[in-house]
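Report on the structure given below.
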Amino acid sequence: MKHSAREEEWAVWMRAAVGGDAQAYHRFLSAVTPYLRAMARRRCDQFGTPASEAEDVVQEVLLAIHLKRGTWDTSRPIGPWISTIVRNKLIDSLRRRGRHVNVPIDDVIDILEAEEQTDTLDRLDVDRMLSQLRDPQRTIVRSISVEGTSVRETADRLKMTEGAVRVALHRALKVLAALYRSENSENR
């Protein structure tokens, strides 16, 4: 199967990022975000989900990519790995809203063959990174991206508007990205 030049470039950047190259990671995230946004919108349309849900899915996908970047098999194409994360985050979003989702077995066969195992080090990394955020950002990221709570539920619990929660989530993710870049530049 031939993969696009775009995906090959993303794979080069992600391999460098996994190796500690913060600039390559920034290039990867900058290049992949518009693709994620378009894919999330298409999937939201496909499942009859409001378009506003797409941006929440994109933010969750970016965080998942950040937290699980070490699980990508660098010998395999990156496109299917990213597509799987988008699909899983959209399905998680639909489940939180009580929608029934039927996913064809062909779409998940690779996942079933390689059951994901939660790594204790990943959990410690998440906790360490989140501890560097201040409240309410830490609470918002933990609620939405780690626990899977919806923006609406998080906003209600924190007595904030949904817009304020989205803005705080976006800003917190930017802070986490900067912390990651900083840590990786120190480790070189």
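For this chain, numbers begin at 1 and follow the sequence in order.
Between the CG atom in D56 and the OG atom in S145 there is a gap of 9.5 Å [rounded to 0.5 Å]. If you take CH2 on W13 and CG on D21, they are separated by 11.5 Å, rounding to the nearest 0.5 Å. With rounding to the nearest 0.5 Å, the separation of CG in L62 from CG in L29 is 6.5 Å. Here CH2 of W81 is found 10.0 Å from NZ of K68. Values are rounded to the nearest 0.5 Å. Taking CG of L169 as the reference point, atom CD of E162 lies at 12.5 Å (rounded to 0.5 Å). Rounding to the nearest 0.5 Å places CD of Q59 at 10.0 Å from CG of L36.
In this structure, E147 does not pair ionically with R142, as no charged nitrogen and carboxylate oxygen lie closer than 4.0 Å.
Between the side chains of S93 and E60, no donor-acceptor pair of N or O atoms lies under 3.5 Å.
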Go through the steps to decide whether V175 and Q132 satisfy the test side chain to side chain contact (heavy atoms under 4.5 Å, CB included), and finish with yes or no.
-> CA-CA 9 Å; V175 168; Q132 297 179 54; over 6 Å; no
Can you check side chain to side chain contact (heavy atoms under 4.5 Å, CB included) on L63 and I144, steps first, answer last?
-> CA-CA 10 Å; L63 185 61; I144 294 170; over 6 Å; no
Going through the checks in order, is the side chain to side chain contact (heavy atoms under 4.5 Å, CB included) test met by L158 and T139?
-> CA-CA 9 Å; L158 297 175; T139 303; 3.9 Å; yes
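Looking at T84 and R87, their side chains come closer than 4.5 Å, going by heavy atoms from C-beta outward.
Heavy atoms only, all atoms of each residue included: A24 and A16 are closest at CB-CB, 3.6 Å. Taking each heavy atom of V57 and K89 in turn, the nearest pair found is CG1-CB, 4.2 Å. Nearest heavy atoms, Y35 versus M39: OH-CE, 2.7 Å. Nearest heavy-atom pair across L130 and L176 is CD2-CD1, 4.3 Å. Heavy-atom minimum distance, A11 versus I78: N-CG2, 4.0 Å. Heavy atoms only, all atoms of each residue included: S143 and T154 are closest at OG-OG1, 2.7 Å.
Hydrophobic clustering, with ILVMFWY side chains joined whenever heavy atoms are under 4.5 angstrom apart, groups V18 together with M129.
Between the side chain of E7 and the main chain of S4, no donor-acceptor pair closer than 3.5 Å is present. The backbone N or O of T74 sits less than 3.5 Å from a side-chain atom of R15, completing a donor-acceptor pair. Side-chain atoms of S131 come within 3.5 Å of backbone N or O of R128 as a donor-acceptor pair.
Note: W10 and F28 have perpendicular aromatic rings, judged against thresholds of 30 and 60 degrees for the angle between ring planes.
Heavy-atom neighbours of R157 CZ from other residues, nucleotides or ligands within 6.0 Å: above the threshold of 12.
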